[in-house]
Amino acid sequence: MARKPDEPLTMLGGRKKLSPMELEFMRYIWEHPDGISSEEIYEHFPQVRGTKSTILYNISQKGYVENRQEGLHHIYTALVGRAEYEQALVRQQFLKSMGGSTLEGLVAAFCGKEKLTERQKEKVRELLEEMENDAESGKSVD
């Protein structure tokens, strides 16, 4: 039976989830915030060169890295941070386990309602945006 495709990670703009091998490559790329050359990546992993190239291509196509060429080498720089990716995975899993496909649906269920009004949805979005801005700026929430 064919494997069911993963749901896109809504918190990351609908990017596809990384495969376990792609995640291993990303972990190595995340260790080099200023970017890392394809040759350094090739030296670090045991797979054959073609497999490594395919994995890097897939990560790039999914929008997790920027790939720029410098001479004969490609330089890979993360576009999505490790914490951001892990947070998106946790959020997706949490929503899925609670039976809700959206945060608004989860909040409604938590409050004993079937769904939220448009005004209530907007308030939830504003609260989340405020919390994300606070997290990015390093502020603690009072």
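From a predicted model like this one, the values you see are computed outputs, not experimental measurements.
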Practice task
Step by step, work out the side-chain contact (heavy atoms from CB on, under 4.5 Å) result for Ile36 and Ile41.
Solution key: CA-CA 7 Å; Ile36 183 168; Ile41 295 170; 3.7 Å; yes
Exercise for the section: Take Gln120 and Lys123 through the side-chain contact (heavy atoms from CB on, under 4.5 Å) test and state the conclusion after the steps. Expected result: CA-CA 5 Å; Gln120 290 167 332; Lys123 281 185 170 186; 5.6 Å; no
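Nearest heavy-atom pair across Lys17 and Lys62 is O-NZ, 3.0 Å. Between Thr77 and Ile29, the closest heavy-atom pair is C-CG2, 4.5 Å. Of all the heavy atoms in Leu116 and Lys121, the pair that sits closest is O-CE, 3.6 Å. When all heavy atoms of Ser60 and Val65 are compared, the pair lying nearest together is CA-CG2, 3.6 Å. Minimum interatomic distance between Asp34 and Arg68 (heavy atoms only, all atoms of both residues): O-NH2, 4.5 Å. Across Met26 and Ala78, no two heavy atoms sit closer than the pair CE-CB, 4.2 Å.
The aromatic rings of Tyr76 and His74 sit tilted, their planes meeting at an angle between 30° and 60°.
For Glu126, the side-chain hydrogen bond (donor to acceptor under 3.5 Å, both in side chains) criterion is met by no residue, not counting sequence neighbours.
Between atom CD1 of residue Ile75 and atom CD of residue Glu70 there is a gap of 4.5 Å, rounded to the nearest 0.5 Å. The distance from the CG atom of Asn67 to the CD atom of Gln69 is 8.0 Å, given to the nearest 0.5 Å. Interatomic distance, Phe25 CZ to Leu18 CG, rounded to the nearest 0.5 Å: 12.0 Å. Note that CH2 of Trp30 is 5.5 Å distant from CG of Leu23, once rounded to the nearest 0.5 Å.
Within the structure, no pair that satisfies the salt bridge (charged side-chain N to carboxylate O under 4.0 Å, His left out) test touches residues 71-85, not counting sequence neighbours.
Here Glu122 does not pair with Arg119 in a salt bridge; the nearest charged N to carboxylate O distance is not below 4.0 Å.
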Distance-only check: which donor-acceptor pairs under 3.5 Å involve side-chain atoms of residues 48-55, not counting sequence neighbours?
| from | atom 1 | to | atom 2 | distance (Å) |
| --- | --- | --- | --- | --- |
| Arg49 | NH1 | Glu39 | OE2 | 3.4 |
| Arg49 | NH2 | Glu39 | OE2 | 2.6 |
| Lys52 | NZ | Tyr42 | O | 2.6 |
| Lys52 | NZ | Phe45 | O | 3.0 |
| Lys52 | NZ | Gln47 | O | 3.0 |
| Ser53 | OG | Tyr42 | OH | 2.8 |
| Ser53 | OG | Arg49 | O | 3.1 |
| Thr54 | OG1 | Gly50 | O | 3.0 |

